[in-house]
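What follows is a set of notes on a single structure, which appears directly below.
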Number of protein chains: 2
Amino acid sequence: MHSLVEENYLKALFALSKDKGSVSVNDLSKHLNIKMPTVTNMMKKMAFKKLVHYESYKPLILTKKGKKEAALIIRKHRLTEMYLVEKMGFGWEEVHNIAEQIEHIKSPKLFAKMAELLDYPKFDPHGTPIPDINGEMEWKAYSKLSECKPGDMVKMAAVINTTDEFLKFLNRREIHLGLKIKIKSVEPFDNTMVVKYKNHLEETLSNTVCKRLLVERF
Amino acid sequence: MHSLVEENYLKALFALSKDKGSVSVNDLSKHLNIKMPTVTNMMKKMAFKKLVHYESYKPLILTKKGKKEAALIIRKHRLTEMYLVEKMGFGWEEVHNIAEQIEHIKSPKLFAKMAELLDYPKFDPHGTPIPDINGEMEWKAYSKLSECKPGDMVKMAAVINTTDEFLKFLNRREIHLGLKIKIKSVEPFDNTMVVKYKNHLEETLSNTVCKRLLVERF
DNA sequence: GTATTAAGTTAGTCTTAACTAACAAATTAG
DNA sequence: CTAATTTGTTAGTTAAGACTAACTTAATAC
(Lines give C-alpha, C1' and ligand atoms only; values in the text may rest on other atoms or scores of the structure.)
Protein backbone atom coordinates (compact mmCIF):
# COMPACT_ATOMS: atom_id res chain seq x y z
CA MET A 1 0.00 0.00 0.00
CA HIS A 2 1.02 3.64 0.05
CA SER A 3 3.03 5.50 2.63
CA LEU A 4 1.50 8.00 4.99
CA VAL A 5 3.29 10.70 3.03
CA GLU A 6 1.83 9.61 -0.30
CA GLU A 7 -1.61 9.51 1.27
CA ASN A 8 -1.25 13.13 2.29
CA TYR A 9 -0.25 14.12 -1.24
CA LEU A 10 -3.29 12.25 -2.57
CA LYS A 11 -5.64 14.01 -0.19
CA ALA A 12 -4.23 17.41 -1.06
CA LEU A 13 -4.40 16.71 -4.79
CA PHE A 14 -7.99 15.61 -4.45
CA ALA A 15 -9.02 18.61 -2.37
CA LEU A 16 -7.27 21.16 -4.57
CA SER A 17 -8.49 19.73 -7.86
CA LYS A 18 -12.13 19.96 -6.78
CA ASP A 19 -12.96 22.87 -9.10
CA LYS A 20 -10.49 23.02 -11.98
CA GLY A 21 -9.86 19.30 -12.11
CA SER A 22 -6.13 19.92 -12.02
CA VAL A 23 -3.58 21.40 -9.60
CA SER A 24 -0.34 23.32 -10.08
CA VAL A 25 2.82 22.14 -8.42
CA ASN A 26 2.94 25.52 -6.74
CA ASP A 27 -0.50 25.25 -5.14
CA LEU A 28 0.19 21.75 -3.93
CA SER A 29 3.52 22.88 -2.53
CA LYS A 30 1.90 25.72 -0.60
CA HIS A 31 -0.97 23.62 0.64
CA LEU A 32 1.32 20.91 2.01
CA ASN A 33 4.04 23.28 3.20
CA ILE A 34 6.54 21.30 1.21
CA LYS A 35 8.99 22.96 -1.19
CA MET A 36 8.37 22.67 -4.92
CA PRO A 37 11.31 20.44 -5.85
CA THR A 38 10.16 17.88 -3.30
CA VAL A 39 6.68 17.99 -4.78
CA THR A 40 8.01 17.55 -8.31
CA ASN A 41 9.97 14.49 -7.22
CA MET A 42 7.01 13.01 -5.44
CA MET A 43 4.80 13.55 -8.49
CA LYS A 44 7.21 11.56 -10.61
CA LYS A 45 7.15 8.77 -8.11
CA MET A 46 3.37 8.84 -7.90
CA ALA A 47 3.08 9.00 -11.67
CA PHE A 48 5.11 5.81 -11.83
CA LYS A 49 2.56 4.27 -9.47
CA LYS A 50 -0.24 5.47 -11.77
CA LEU A 51 -1.75 7.71 -9.13
CA VAL A 52 -1.32 10.96 -11.03
CA HIS A 53 -0.82 12.08 -14.62
CA TYR A 54 2.44 13.99 -14.71
CA GLU A 55 4.12 15.84 -17.55
CA SER A 56 6.82 18.47 -17.09
CA TYR A 57 5.45 21.99 -16.76
CA LYS A 58 1.86 20.78 -17.02
CA PRO A 59 -0.84 20.82 -14.34
CA LEU A 60 -1.19 17.73 -12.17
CA ILE A 61 -4.23 15.52 -12.71
CA LEU A 62 -5.21 12.58 -10.55
CA THR A 63 -5.72 9.30 -12.37
CA LYS A 64 -8.89 7.31 -11.82
CA LYS A 65 -6.90 5.12 -9.44
CA GLY A 66 -5.53 8.18 -7.61
CA LYS A 67 -8.99 9.65 -7.24
CA LYS A 68 -10.35 6.46 -5.82
CA GLU A 69 -7.54 6.08 -3.31
CA ALA A 70 -7.95 9.69 -2.25
CA ALA A 71 -11.70 9.25 -1.84
CA LEU A 72 -11.12 6.21 0.34
CA ILE A 73 -8.84 8.20 2.63
CA ILE A 74 -11.43 10.95 2.82
CA ARG A 75 -14.02 8.31 3.60
CA LYS A 76 -11.91 7.16 6.55
CA HIS A 77 -11.42 10.75 7.70
CA ARG A 78 -15.12 11.64 7.62
CA LEU A 79 -16.29 8.39 9.17
CA THR A 80 -13.79 8.92 11.97
CA GLU A 81 -14.91 12.48 12.58
CA MET A 82 -18.51 11.43 12.64
CA TYR A 83 -17.83 8.49 14.90
CA LEU A 84 -15.92 10.63 17.37
CA VAL A 85 -18.72 13.17 17.54
CA GLU A 86 -21.75 10.89 17.48
CA LYS A 87 -20.48 7.90 19.42
CA MET A 88 -17.82 9.29 21.73
CA GLY A 89 -19.18 12.71 22.55
CA PHE A 90 -16.45 14.89 21.08
CA GLY A 91 -17.14 18.40 19.79
CA TRP A 92 -16.67 19.06 16.08
CA GLU A 93 -13.80 21.44 16.73
CA GLU A 94 -11.81 18.70 18.50
CA VAL A 95 -12.02 15.89 15.99
CA HIS A 96 -10.16 17.13 12.93
CA ASN A 97 -6.67 16.49 14.26
CA ILE A 98 -7.55 13.06 15.55
CA ALA A 99 -9.21 12.08 12.26
CA GLU A 100 -6.17 13.40 10.41
CA GLN A 101 -4.17 10.65 12.12
CA ILE A 102 -6.73 7.85 12.20
CA GLU A 103 -7.45 8.20 8.48
CA HIS A 104 -4.10 6.50 7.84
CA ILE A 105 -4.91 3.38 9.87
CA LYS A 106 -4.82 0.26 7.70
CA SER A 107 -7.85 -1.73 8.77
CA PRO A 108 -10.85 -2.09 6.49
CA LYS A 109 -12.67 -3.76 9.39
CA LEU A 110 -12.35 -0.75 11.66
CA PHE A 111 -13.93 1.63 9.19
CA ALA A 112 -16.55 -0.90 8.12
CA LYS A 113 -17.55 -1.13 11.77
CA MET A 114 -17.68 2.64 12.16
CA ALA A 115 -19.88 2.88 9.07
CA GLU A 116 -22.14 0.15 10.45
CA LEU A 117 -22.48 1.78 13.86
CA LEU A 118 -23.26 5.11 12.20
CA ASP A 119 -25.87 3.46 9.93
CA TYR A 120 -23.91 3.87 6.70
CA PRO A 121 -24.10 7.65 6.49
CA LYS A 122 -23.81 9.27 3.07
CA PHE A 123 -23.27 12.77 4.46
CA ASP A 124 -21.71 14.03 7.63
CA PRO A 125 -23.68 16.46 9.79
CA HIS A 126 -22.20 19.41 7.87
CA GLY A 127 -23.63 18.02 4.64
CA THR A 128 -20.21 17.00 3.43
CA PRO A 129 -20.57 13.77 1.51
CA ILE A 130 -18.84 10.58 2.63
CA PRO A 131 -17.48 8.44 -0.21
CA ASP A 132 -18.66 4.83 -0.18
CA ILE A 133 -16.43 1.78 0.09
CA ASN A 134 -15.61 2.01 -3.63
CA GLY A 135 -14.66 5.66 -3.36
CA GLU A 136 -17.78 6.70 -5.25
CA MET A 137 -19.82 9.79 -4.62
CA GLU A 138 -22.35 10.36 -7.44
CA TRP A 139 -24.05 13.03 -5.33
CA LYS A 140 -21.42 15.44 -6.66
CA ALA A 141 -24.07 17.72 -8.16
CA TYR A 142 -26.07 18.16 -4.97
CA SER A 143 -26.17 21.50 -3.21
CA LYS A 144 -27.74 22.65 0.00
CA LEU A 145 -31.19 24.20 -0.35
CA SER A 146 -29.81 27.12 1.64
CA GLU A 147 -27.42 27.89 -1.21
CA CYS A 148 -30.16 28.23 -3.84
CA LYS A 149 -31.65 31.50 -5.09
CA PRO A 150 -35.22 32.69 -5.54
CA GLY A 151 -36.72 31.27 -8.75
CA ASP A 152 -34.65 28.07 -8.63
CA MET A 153 -36.47 24.79 -9.23
CA VAL A 154 -34.90 21.92 -7.30
CA LYS A 155 -35.51 18.28 -6.43
CA MET A 156 -34.96 16.83 -2.94
CA ALA A 157 -31.94 14.53 -3.08
CA ALA A 158 -30.79 13.80 0.46
CA VAL A 159 -31.15 14.81 4.07
CA ILE A 160 -28.31 15.63 6.42
CA ASN A 161 -28.47 14.78 10.09
CA THR A 162 -31.36 12.41 9.96
CA THR A 163 -32.49 12.56 13.56
CA ASP A 164 -35.97 11.34 14.44
CA GLU A 165 -36.97 14.90 15.33
CA PHE A 166 -35.90 16.24 11.99
CA LEU A 167 -37.51 13.45 9.99
CA LYS A 168 -40.80 14.02 11.83
CA PHE A 169 -40.52 17.71 11.05
CA LEU A 170 -40.15 16.91 7.35
CA ASN A 171 -43.02 14.40 7.41
CA ARG A 172 -45.36 16.94 8.94
CA ARG A 173 -44.63 19.21 5.98
CA GLU A 174 -44.78 16.36 3.45
CA ILE A 175 -41.18 16.92 2.36
CA HIS A 176 -39.66 13.72 0.99
CA LEU A 177 -36.96 12.55 -1.44
CA GLY A 178 -37.75 13.31 -5.07
CA LEU A 179 -40.06 16.19 -4.19
CA LYS A 180 -39.87 19.13 -6.59
CA ILE A 181 -39.55 22.47 -4.84
CA LYS A 182 -39.66 26.02 -6.18
CA ILE A 183 -37.95 28.79 -4.23
CA LYS A 184 -40.26 31.79 -4.05
CA SER A 185 -38.17 34.17 -1.94
CA VAL A 186 -35.35 34.46 0.58
CA GLU A 187 -35.52 36.76 3.59
CA PRO A 188 -32.17 38.59 3.47
CA PHE A 189 -31.99 39.13 7.22
CA ASP A 190 -32.05 35.54 8.47
CA ASN A 191 -32.01 33.62 5.17
CA THR A 192 -35.42 32.11 5.86
CA MET A 193 -36.87 30.70 2.63
CA VAL A 194 -40.38 30.73 1.30
CA VAL A 195 -40.91 27.75 -1.00
CA LYS A 196 -43.70 26.10 -2.98
CA TYR A 197 -44.25 22.39 -3.63
CA LYS A 198 -47.23 20.12 -4.39
CA ASN A 199 -50.22 21.60 -2.60
CA HIS A 200 -48.07 23.61 -0.20
CA LEU A 201 -48.24 26.96 -1.95
CA GLU A 202 -46.29 28.99 0.63
CA GLU A 203 -44.20 27.08 3.14
CA THR A 204 -41.58 28.92 5.20
CA LEU A 205 -38.33 27.09 6.05
CA SER A 206 -35.67 28.39 8.44
CA ASN A 207 -32.04 28.54 7.36
CA THR A 208 -31.26 25.78 9.89
CA VAL A 209 -33.60 23.50 7.98
CA CYS A 210 -32.46 24.61 4.53
CA LYS A 211 -28.84 23.84 5.37
CA ARG A 212 -29.84 20.24 6.08
CA LEU A 213 -31.65 19.63 2.80
CA LEU A 214 -29.55 18.58 -0.18
CA VAL A 215 -31.11 19.21 -3.56
CA GLU A 216 -30.46 18.71 -7.23
CA ARG A 217 -30.94 21.75 -9.43
CA PHE A 218 -32.65 21.52 -12.79
CA MET B 1 7.73 13.67 20.85
CA HIS B 2 9.14 10.35 19.66
CA SER B 3 8.83 8.73 16.29
CA LEU B 4 6.69 5.71 15.64
CA VAL B 5 9.89 3.70 15.30
CA GLU B 6 11.23 4.78 18.68
CA GLU B 7 7.89 3.95 20.24
CA ASN B 8 8.14 0.41 18.93
CA TYR B 9 11.63 0.03 20.38
CA LEU B 10 10.33 1.31 23.72
CA LYS B 11 7.46 -1.15 23.76
CA ALA B 12 9.75 -4.06 22.93
CA LEU B 13 12.29 -3.04 25.56
CA PHE B 14 9.52 -2.79 28.14
CA ALA B 15 8.00 -6.14 27.26
CA LEU B 16 11.31 -8.00 27.15
CA SER B 17 12.70 -6.54 30.34
CA LYS B 18 9.65 -7.67 32.33
CA ASP B 19 11.53 -10.44 34.17
CA LYS B 20 15.29 -9.75 34.20
CA GLY B 21 14.93 -5.98 34.18
CA SER B 22 17.35 -5.78 31.26
CA VAL B 23 17.45 -6.91 27.63
CA SER B 24 20.23 -8.02 25.32
CA VAL B 25 20.71 -6.35 21.97
CA ASN B 26 20.26 -9.78 20.45
CA ASP B 27 16.85 -10.44 22.02
CA LEU B 28 15.62 -7.01 21.06
CA SER B 29 16.89 -7.53 17.53
CA LYS B 30 15.04 -10.85 17.20
CA HIS B 31 11.85 -9.54 18.76
CA LEU B 32 11.67 -6.55 16.43
CA ASN B 33 12.96 -8.39 13.37
CA ILE B 34 15.59 -5.72 12.97
CA LYS B 35 19.26 -6.57 12.55
CA MET B 36 21.63 -6.02 15.46
CA PRO B 37 23.66 -3.12 14.06
CA THR B 38 20.48 -1.16 13.52
CA VAL B 39 19.45 -1.85 17.09
CA THR B 40 22.84 -0.76 18.43
CA ASN B 41 22.57 2.51 16.54
CA MET B 42 19.07 3.12 17.78
CA MET B 43 20.09 2.41 21.36
CA LYS B 44 22.75 5.10 21.14
CA LYS B 45 20.20 7.53 19.83
CA MET B 46 17.72 6.63 22.54
CA ALA B 47 20.41 6.78 25.20
CA PHE B 48 21.08 10.36 24.10
CA LYS B 49 17.39 11.03 24.64
CA LYS B 50 17.63 9.49 28.12
CA LEU B 51 15.19 6.71 27.30
CA VAL B 52 17.61 3.85 27.90
CA HIS B 53 20.89 3.24 29.75
CA TYR B 54 23.41 2.13 27.16
CA GLU B 55 26.99 0.99 27.55
CA SER B 56 28.92 -1.00 24.97
CA TYR B 57 28.58 -4.76 25.42
CA LYS B 58 26.28 -4.35 28.41
CA PRO B 59 22.59 -5.27 28.69
CA LEU B 60 20.05 -2.57 27.87
CA ILE B 61 18.07 -1.04 30.72
CA LEU B 62 15.19 1.38 30.34
CA THR B 63 15.50 4.63 32.25
CA LYS B 64 12.68 5.80 34.47
CA LYS B 65 11.65 8.12 31.65
CA GLY B 66 11.80 5.28 29.12
CA LYS B 67 9.69 3.03 31.33
CA LYS B 68 7.06 5.69 31.73
CA GLU B 69 6.86 6.43 28.03
CA ALA B 70 6.60 2.72 27.28
CA ALA B 71 3.86 2.26 29.86
CA LEU B 72 1.91 5.12 28.31
CA ILE B 73 2.04 3.47 24.89
CA ILE B 74 0.88 0.20 26.43
CA ARG B 75 -1.89 2.11 28.14
CA LYS B 76 -3.03 3.39 24.75
CA HIS B 77 -2.80 -0.09 23.26
CA ARG B 78 -4.85 -1.77 25.97
CA LEU B 79 -7.45 0.97 26.17
CA THR B 80 -7.89 0.73 22.41
CA GLU B 81 -8.25 -3.04 22.48
CA MET B 82 -10.79 -2.82 25.25
CA TYR B 83 -12.69 -0.05 23.56
CA LEU B 84 -12.86 -1.95 20.28
CA VAL B 85 -14.19 -5.05 22.01
CA GLU B 86 -16.54 -3.51 24.54
CA LYS B 87 -17.86 -0.53 22.62
CA MET B 88 -17.62 -1.52 18.99
CA GLY B 89 -18.33 -5.21 19.13
CA PHE B 90 -15.03 -6.58 17.81
CA GLY B 91 -13.75 -10.00 18.83
CA TRP B 92 -10.51 -10.15 20.83
CA GLU B 93 -8.69 -11.88 18.02
CA GLU B 94 -9.36 -8.98 15.65
CA VAL B 95 -8.23 -6.05 17.75
CA HIS B 96 -4.51 -6.53 18.23
CA ASN B 97 -3.46 -5.28 14.81
CA ILE B 98 -5.73 -2.27 14.97
CA ALA B 99 -4.53 -1.36 18.46
CA GLU B 100 -0.95 -1.77 17.27
CA GLN B 101 -1.58 1.16 14.95
CA ILE B 102 -3.87 3.30 17.09
CA GLU B 103 -1.44 3.19 20.03
CA HIS B 104 0.74 5.65 18.11
CA ILE B 105 -1.98 8.28 17.72
CA LYS B 106 -0.98 11.54 19.38
CA SER B 107 -4.11 12.70 21.15
CA PRO B 108 -4.37 12.62 24.93
CA LYS B 109 -8.04 13.54 24.57
CA LEU B 110 -8.88 10.46 22.53
CA PHE B 111 -7.49 8.06 25.10
CA ALA B 112 -8.90 10.03 28.01
CA LYS B 113 -12.30 9.66 26.39
CA MET B 114 -11.83 5.93 25.84
CA ALA B 115 -10.85 5.54 29.49
CA GLU B 116 -13.90 7.53 30.56
CA LEU B 117 -16.31 5.53 28.40
CA LEU B 118 -14.81 2.30 29.75
CA ASP B 119 -15.11 3.54 33.36
CA TYR B 120 -11.40 3.89 33.97
CA PRO B 121 -10.53 0.20 33.84
CA LYS B 122 -7.40 -0.97 35.71
CA PHE B 123 -7.35 -4.38 34.02
CA ASP B 124 -8.47 -5.57 30.64
CA PRO B 125 -10.79 -8.58 30.44
CA HIS B 126 -7.78 -10.92 30.29
CA GLY B 127 -6.56 -9.58 33.62
CA THR B 128 -3.74 -7.71 31.97
CA PRO B 129 -3.23 -4.45 33.83
CA ILE B 130 -3.70 -1.09 32.13
CA PRO B 131 -1.18 1.59 33.20
CA ASP B 132 -2.73 4.81 34.46
CA ILE B 133 -2.22 8.24 32.92
CA ASN B 134 1.13 8.55 34.74
CA GLY B 135 2.33 5.22 33.46
CA GLU B 136 2.02 3.67 36.92
CA MET B 137 0.97 0.12 37.69
CA GLU B 138 1.63 -0.81 41.36
CA TRP B 139 -0.43 -3.98 40.96
CA LYS B 140 2.70 -5.64 39.58
CA ALA B 141 2.68 -8.34 42.25
CA TYR B 142 -0.86 -9.58 41.61
CA SER B 143 -1.52 -12.97 40.12
CA LYS B 144 -4.66 -14.75 39.07
CA LEU B 145 -6.18 -17.06 41.67
CA SER B 146 -6.21 -19.73 38.96
CA GLU B 147 -2.40 -19.67 38.93
CA CYS B 148 -2.04 -20.44 42.64
CA LYS B 149 -1.30 -23.84 44.14
CA PRO B 150 -2.89 -25.81 46.98
CA GLY B 151 -1.71 -24.53 50.34
CA ASP B 152 -1.21 -20.94 49.11
CA MET B 153 -2.60 -18.15 51.30
CA VAL B 154 -3.72 -15.16 49.25
CA LYS B 155 -5.54 -11.85 49.61
CA MET B 156 -8.18 -10.61 47.10
CA ALA B 157 -6.70 -7.63 45.25
CA ALA B 158 -8.82 -6.95 42.17
CA VAL B 159 -11.55 -8.32 39.97
CA ILE B 160 -11.40 -8.65 36.23
CA ASN B 161 -14.44 -8.19 34.05
CA THR B 162 -16.66 -6.55 36.62
CA THR B 163 -20.05 -7.28 35.10
CA ASP B 164 -23.12 -7.02 37.29
CA GLU B 165 -23.62 -10.77 37.03
CA PHE B 166 -20.15 -11.52 38.22
CA LEU B 167 -20.24 -9.05 41.09
CA LYS B 168 -23.55 -10.53 42.28
CA PHE B 169 -21.98 -13.97 42.11
CA LEU B 170 -19.14 -12.77 44.33
CA ASN B 171 -21.50 -11.04 46.76
CA ARG B 172 -23.53 -14.19 47.18
CA ARG B 173 -20.37 -15.98 48.28
CA GLU B 174 -19.16 -13.03 50.41
CA ILE B 175 -16.00 -12.63 48.34
CA HIS B 176 -14.70 -9.06 48.48
CA LEU B 177 -11.47 -7.07 48.19
CA GLY B 178 -9.04 -7.67 51.02
CA LEU B 179 -10.50 -11.09 51.81
CA LYS B 180 -7.93 -13.72 52.86
CA ILE B 181 -8.33 -17.02 51.04
CA LYS B 182 -6.60 -20.36 51.53
CA ILE B 183 -6.43 -22.80 48.64
CA LYS B 184 -7.34 -26.27 49.85
CA SER B 185 -7.12 -28.26 46.62
CA VAL B 186 -7.23 -28.08 42.86
CA GLU B 187 -9.12 -30.60 40.74
CA PRO B 188 -6.55 -31.57 38.08
CA PHE B 189 -9.18 -32.37 35.43
CA ASP B 190 -10.95 -29.00 35.11
CA ASN B 191 -8.84 -26.85 37.48
CA THR B 192 -11.78 -26.26 39.78
CA MET B 193 -10.53 -24.97 43.16
CA VAL B 194 -11.70 -25.72 46.65
CA VAL B 195 -10.92 -22.77 48.90
CA LYS B 196 -11.50 -21.69 52.49
CA TYR B 197 -12.17 -18.16 53.81
CA LYS B 198 -13.90 -16.62 56.82
CA ASN B 199 -16.81 -18.91 57.71
CA HIS B 200 -16.85 -20.55 54.28
CA LEU B 201 -14.91 -23.70 55.09
CA GLU B 202 -15.21 -25.40 51.72
CA GLU B 203 -16.24 -23.26 48.77
CA THR B 204 -15.78 -24.59 45.23
CA LEU B 205 -14.81 -22.12 42.49
CA SER B 206 -14.70 -22.93 38.80
CA ASN B 207 -11.61 -22.12 36.75
CA THR B 208 -13.65 -19.49 34.88
CA VAL B 209 -14.14 -17.67 38.17
CA CYS B 210 -10.58 -18.18 39.40
CA LYS B 211 -9.15 -16.64 36.24
CA ARG B 212 -11.09 -13.46 36.99
CA LEU B 213 -9.86 -13.01 40.54
CA LEU B 214 -6.54 -11.23 41.06
CA VAL B 215 -4.82 -11.93 44.32
CA GLU B 216 -1.74 -10.98 46.27
CA ARG B 217 0.31 -13.87 47.66
CA PHE B 218 1.77 -13.74 51.17
C1' DG C 1 43.31 -21.68 29.73
C1' DT C 2 43.30 -21.36 25.03
C1' DA C 3 39.94 -22.22 21.01
C1' DT C 4 35.61 -21.75 19.29
C1' DT C 5 31.21 -19.71 19.05
C1' DA C 6 27.96 -16.20 20.04
C1' DA C 7 26.99 -11.41 20.79
C1' DG C 8 27.96 -6.69 19.89
C1' DT C 9 30.12 -2.92 17.29
C1' DT C 10 32.08 -0.20 13.35
C1' DA C 11 32.06 1.28 8.80
C1' DG C 12 29.91 1.93 4.72
C1' DT C 13 25.60 1.61 1.66
C1' DC C 14 20.60 2.19 0.47
C1' DT C 15 15.89 4.35 0.37
C1' DT C 16 12.53 7.75 1.58
C1' DA C 17 11.38 12.21 1.89
C1' DA C 18 12.78 16.42 3.01
C1' DC C 19 15.97 20.67 1.78
C1' DT C 20 18.86 24.61 -1.01
C1' DA C 21 21.05 26.53 -5.03
C1' DA C 22 21.03 27.11 -9.70
C1' DC C 23 18.92 26.83 -14.03
C1' DA C 24 14.94 26.54 -17.54
C1' DA C 25 10.31 27.22 -19.18
C1' DA C 26 6.01 29.68 -19.14
C1' DT C 27 3.43 33.59 -18.14
C1' DT C 28 2.60 38.48 -17.64
C1' DA C 29 3.65 43.30 -18.19
C1' DG C 30 5.14 47.07 -20.64
C1' DC D 1 7.45 41.22 -28.76
C1' DT D 2 10.95 41.36 -25.77
C1' DA D 3 11.84 41.80 -20.50
C1' DA D 4 10.67 40.66 -16.02
C1' DT D 5 8.43 37.64 -13.01
C1' DT D 6 6.56 33.49 -11.67
C1' DT D 7 6.54 28.60 -11.92
C1' DG D 8 8.82 24.31 -12.48
C1' DT D 9 12.94 21.31 -12.83
C1' DT D 10 17.71 19.46 -12.06
C1' DA D 11 21.42 18.45 -9.23
C1' DG D 12 23.33 17.76 -5.06
C1' DT D 13 22.82 17.41 0.29
C1' DT D 14 20.78 15.83 4.62
C1' DA D 15 18.51 12.90 8.33
C1' DA D 16 16.14 8.78 9.73
C1' DG D 17 16.17 4.13 9.80
C1' DA D 18 17.04 0.13 7.55
C1' DC D 19 20.84 -3.17 5.57
C1' DT D 20 25.60 -6.14 4.81
C1' DA D 21 30.41 -7.10 5.58
C1' DA D 22 34.05 -7.11 8.53
C1' DC D 23 35.91 -6.78 12.98
C1' DT D 24 36.00 -7.04 18.29
C1' DT D 25 34.59 -8.47 22.78
C1' DA D 26 32.42 -11.77 25.73
C1' DA D 27 30.85 -16.37 26.76
C1' DT D 28 31.28 -21.42 26.38
C1' DA D 29 33.50 -25.67 25.50
C1' DC D 30 36.95 -28.81 25.80
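Everything numeric in this text was worked out from a predicted model, so none of it was measured.
Counting to the nearest Å, the C1' atom of D:dT7 and the CD atom of A:E55 are 17 Å from each other. Separating the NE2 atom of A:H31 from the P atom of D:dT7 is a distance of 17 Å, rounded to the nearest angstrom. To the nearest angstrom, P of C:dT15 lies 16 Å from CD of A:E6. In this structure, the CG atom of A:D27 is 12 Å from the C1' atom of D:dT6, given to the nearest Å. Residue A:Y54 contributes atom OH, which lies 11 Å from atom C1' of D:dT7 at whole-angstrom precision. Atom CZ of A:F48 is separated from atom P of C:dT16 by 11 Å (rounded to the nearest Å). Atom CG in B:N26 sits about 19 Å away from atom P in D:dT25, given to the nearest Å. Taking atom CE of residue B:M43 and atom P of nucleotide C:dT10, one finds them 14 Å apart after rounding to whole Å.
A donor and an acceptor atom, one from each side chain of B:T192 and B:D190, are located under 3.5 Å apart. Counted by atom type alone, A:T128 and A:R78 present zero donor-acceptor pairs between their side chains at under 3.5 Å. In this model, a donor atom of one side chain and an acceptor atom of the other lie less than 3.5 Å apart for A:E7 and A:H104.
Within residues 56-63 of chain A, the residues having any heavy atom closer than 4.0 Å to DNA chain D are, in order of number, A:S56, A:Y57.
Under a cutoff of 6.0 Å and an axis angle of 45°, A:K67 and A:F14 do not form a cation-pi pair.
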All N/O donor-acceptor pairs, side-chain side in residues 46-57 of chain B, below 3.5 Å, sequence neighbours left out:
{"unit_1": "B:K49", "atom_1": "NZ", "unit_2": "B:E6", "atom_2": "OE1", "d": "3.0"}
{"unit_1": "B:K49", "atom_1": "NZ", "unit_2": "B:E6", "atom_2": "OE2", "d": "2.8"}

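Under 4.0 angstrom from either OP1 or OP2 of C:dT9 there lies at least one side-chain N or O belonging to B:T40.
Using a distance-only test at 3.5 Å, with no hydrogens or angles considered, a donor-acceptor pair links the side chain of A:E147 to the main chain of A:K144. Distance alone, capped at 3.5 Å, places no donor-acceptor pair between the A:N41 side chain and the A:T38 backbone. Between the side chain of A:T80 and the main chain of A:K76, a donor-acceptor pair closer than 3.5 Å is present.
A side-chain hydrogen bond (donor to acceptor under 3.5 Å, both in side chains) with A:K11 is found for exactly one of A:E103, A:H77, A:E69, A:H31, namely A:E103.
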Please tabulate, one pair per line, each protein N/O and nucleotide N/O from nucleotides 18-20 of chain D that are separated by under 3.5 Å, including the distance.
{"unit_1": "D:dA18", "atom_1": "OP2", "unit_2": "B:Y9", "atom_2": "OH", "d": "3.2"}
{"unit_1": "D:dC19", "atom_1": "OP2", "unit_2": "B:K35", "atom_2": "N", "d": "2.9"}
{"unit_1": "D:dC19", "atom_1": "OP2", "unit_2": "B:T38", "atom_2": "OG1", "d": "3.1"}

